[in-house]
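The structure appears below as structure tokens.
Quick caveat: nothing in here was measured; it's all calculated off a predicted structure. Because only heavy atoms are used, hydrogens play no part in the values below, and waters and symmetry mates are left out as well, while side chains stay in. Below, chain A is the first sequence line, B the second, and so on; all start at residue 1.
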Number of protein chains: 2
Amino acid sequence: MTKMKNNTVCQYKLIASRDALAVIQGKWRIPIIISLTYGNKRFGDIQKDIQDISPKMLSQELKTLEEYKIISRKLYDSMPVMVEYSLTPLGLSLHKLLDELLNWGVHFRDEMVGKKKGGKTKN
Amino acid sequence: MTKMKNNTVCQYKLIASRDALAVIQGKWRIPIIISLTYGNKRFGDIQKDIQDISPKMLSQELKTLEEYKIISRKLYDSMPVMVEYSLTPLGLSLHKLLDELLNWGVHFRDEMVGKKKGGKTKN
DNA sequence: CCGAATCCTGTTTGATACTG
DNA sequence: CAGTATCAAACAGGATTCGG
């Protein structure tokens with residue numbers, strides 16, 4: 001990549017970022033993945049972590065993440081039924097990215113508190 | 001943080017991730033920031049990098065990113081008018097996060113090409 | 001307990017044309 | 001060149017109800 005022109009590199013990166021964004025985009029996917037980094041969990045457990053998610057969204061996003069091979073779903077045929085979700089190796093490979101995201105989130109908040117003015121509060 | 005319980009840490013991380021996501025969420029913000037890492041650019045230059053963005057979305061997202069202090073806007077009062085966008089220090093501080101995002105995007109694509117099956121193509 | 005199915009709403013995004 | 005304005009489409013998200 002060292003010999004490529006800036007514009008070519010930029011295009012390459014734009015594509016890579018889109019691939020990544022397609023997977024983790026949305027309000028709930030990152031939170032769900034974070035919740036699952038603390039061990040395998042059941043539907044209700046995740047709901048407890050992310051209190052403002054509706055069952056519909058949780059169900060829907062779990063399904064999508066499963067299609068992307070980020071998480072896996074294990075059904076125990078007990079009574080009542082029990083389902084356990086966990087991160088796949090691909091899901092685990094997000095860990096460094098998540099770390100940076102969290103670091104930056106904290107950094108951003110510090111900056112905003114320091115300056116206090118302007119910026120979007122967005123709820 | 002070493003002494004905190006898993007659940008507390010999880011909640012803490014969920015909040016940090018939301019702070020970060022509020023800023024970089026959306027289809028266009030990351031691409032715009034990536035485009036600007038290759039030097040200060042004008043409106044039309046960014047449009048050339050991101051070919052499928054509409055002027056409306058570009059304008060709107062630039063405005064939002066400016067409010068978040070991620071980028072800054074400089075108006076040169078020439079004829080015709082010229083505007084230059086650049087990353088602020090806060091915007092530059094996203095660089096490690098972006099790197100990880102790109103790395104993961106490439107990794108993800110490799111995985112998907114290897115397996116080939118399932119997964120969402122999404123378009 | 002763990003969801004699926006349905007219906008409904010508001011926000012996001014987009015296409016296109018237009019302006020200083 | 002650097003955007004606005006307008007209108008339409010798409011999608012995310014919520015409320016509620018139902019089933020194994």
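- Residue B/Trp28 has no polar side-chain atom (N or O) positioned under 4.0 Å from OP1 or OP2 of C/dT12.
- Each of C/dG3, C/dG14, D/dG13 was ranked by its minimum atom distance to the side chain of A/Met57; first place goes to D/dG13.
- In this model, the phosphate group of D/dC1 is not approached by any side-chain N or O of B/Lys41 to a distance below 4.0 Å at OP1 or OP2.
- Look at NZ on B/Lys27: it is 11 Å from P on D/dA12, rounded to the nearest Å.
- Judged as a salt bridge (charged side-chain N to carboxylate O under 4.0 Å, His left out), and not counting sequence neighbours, the contacts of B/Lys48 are B/Asp45.
- Side chains of B/Ser72 and B/Thr88: no donor on one and acceptor on the other come within 3.5 Å.
- For A/Gln11 (side chain) and B/Asp49 (main-chain N/O), a donor-acceptor pair under 3.5 Å exists by modelled atom type.
- When hydrophobic residues (I, L, V, M, F, W, Y) are linked wherever their side-chain heavy atoms come within less than 4.5 Å, the members clustered with A/Tyr76 are A/Met82.
- A heavy-atom distance below 4.0 Å to DNA chain D is reached by these residues of residues 44-56 of chain A, ordered by number: A/Lys56.
- When distances run from any side-chain atom of B/Ser59 to the nucleotides D/dA2, D/dG3, C/dC2, the shortest one goes to D/dG3.
- Side chain of B/Arg73, nearest nucleotide from C/dC2, C/dT13, D/dA2: D/dA2.
- Using a cut-off of 4.0 Å between Lys/Arg side-chain N and Asp/Glu carboxylate O, A/Lys74 and A/Glu84 are scored as not salt-bridged.
- Side-chain nitrogen and oxygen atoms of A/Tyr76 include none within less than 4.0 Å of the OP1 or OP2 phosphate oxygen of C/dC1.
- Under the rule for a salt bridge (charged side-chain N to carboxylate O under 4.0 Å, His left out), the partners of B/Asp52 that lie at least two apart in sequence or sit in another chain are A/Arg18.
- Two residues, A/Gly26 and A/Pro80, neighbour DNA chain D, and the one matched to the more 5' nucleotide by heavy-atom proximity is A/Gly26.
- Judged by distance alone, with hydrogens and angles left aside, the side-chain atoms of A/Arg29 form no donor-acceptor pair with the main-chain N or O of A/Glu61 at under 3.5 Å.
- When the salt bridge (charged side-chain N to carboxylate O under 4.0 Å, His left out) test is applied to A/Arg109, the partners found at least two apart in sequence or on another chain are B/Asp19.
- Of the N and O atoms on the side chains of B/Tyr68 and B/Lys63, not one donor lies less than 3.5 Å from an acceptor on the other residue.
- Helix bend of the helix from C/dC1-D/dG20 to C/dG20-D/dC1: the angle between its two end axes, each built from five pairs, comes to 50° after rounding to 10°.
- In terms of phosphate contacts, A/Arg42 brings a side-chain nitrogen or oxygen within less than 4.0 Å of OP1 or OP2 of C/dC2.
- Looking at the side chain of A/Val81, the nearest of the listed nucleotides C/dG3, D/dG14, D/dG20 is D/dG20.
- Distances shown here put a side-chain N or O of B/Tyr85 below 4.0 Å from the OP1 or OP2 atom of D/dG3.
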